[in-house]
Each structure stands twice: as C-alpha cells, then as structure tokens.
J.: 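I have a structure I would like to understand better, so I am pasting it below and will then ask my questions one at a time.
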Amino acid sequence: MPFVAVAIAALAVGFEALVQWKWGAMGIVALVALTAGIKSKNVAIGGIGAVILVMLLAQSG
C-alpha cells in the first residue's frame with residue numbers, strides 16, 4: 001500500500017513538472033483551479049481551470 005501511494009505521488013509531481021515546463025506558471029494555475037473545482041464540486045472554478053487549459057493547448061498547437 002505505501003508503494004502505491006509513493007508511485008501515485010511521483011506521477012503527480014512528474015505531471016505537474018511537465019505542465020509547468022510546457023505551459024509555464026499559467027498551466028499550473030489552470031491545473032490547480034481545475035483540480036480544486038473538481039474536488040470541491042465547484043463548477044465555476046473547475047470551468048475556469050478547464051477553459052484556461054484549453055486556451056493554452058490551442059495556443060501551443
């Protein structure tokens with residue numbers, strides 16, 4: 001069980017580093033807003049995070 005928790009934490013940190021490398025600080029802000037919105041079941045915050053991420057993805061493509 002502890003190995004699974006460590007593996008999941010490592011994946012989360014790696015994904016966060018990838019987002020920051022690819023899309024900068026605004027990518028991290030969007031990811032945090034999306035995660036906070038999902039965890040708190042707040043559609044407005046989650047929607048703002050999702051919109052920012054979509055705009056960043058559209059801009060880089």
Side-chain angles (χ1 to χ4, degrees):
M1 187 69 166
F3 177 73
V4 174
V6 170
I8 291 173
L11 285 173
V13 169
F15 181 71
E16 183 178 339
L18 175 70
V19 168
Q20 186 169 8
W21 169 72
K22 184 95 170 146
W23 296 292
M26 190 53 96
I28 293 296
V29 169
L31 187 64
V32 168
L34 180 62
T35 304
I38 289 171
K39 286 189 180 207
S40 67
K41 295 185 173 95
N42 188 338
V43 178
I45 299 296
I48 289 170
V51 167
I52 294 171
L53 278 177
V54 167
M55 290 173 65
L56 288 171
L57 286 170
Q59 181 182 23
S60 66

J.: Check whether Ile45 and Leu56 end up in the same hydrophobic cluster, where Ile, Leu, Val, Met, Phe, Trp and Tyr are linked by side-chain heavy atoms less than 4.5 Å apart.
T.: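 Result: no, two separate clusters.
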J.: Any side-chain heavy atom of Phe15 sitting closer than 4.5 Å to one from Leu31?
T.: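 Answer yes - side chains close enough.
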J.: Which heavy atom in Ala33 sits nearest to a heavy atom in Gly49, and how many Å separate them?
T.: CB-CA, 3.9 Å
J.: Test Val32 against every option in Ile28, Thr35, Val29 by the side chain to side chain contact (heavy atoms under 4.5 Å, CB included) rule and name the one that passes.
T.: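 Testing each of Ile28, Thr35, Val29 against Val32, the sole residue satisfying side chain to side chain contact (heavy atoms under 4.5 Å, CB included) is Ile28.
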J.: Give the minimum heavy-atom separation between Leu53 and Gly27, together with the two atoms involved.
T.: CD2-O, 4.2 Å
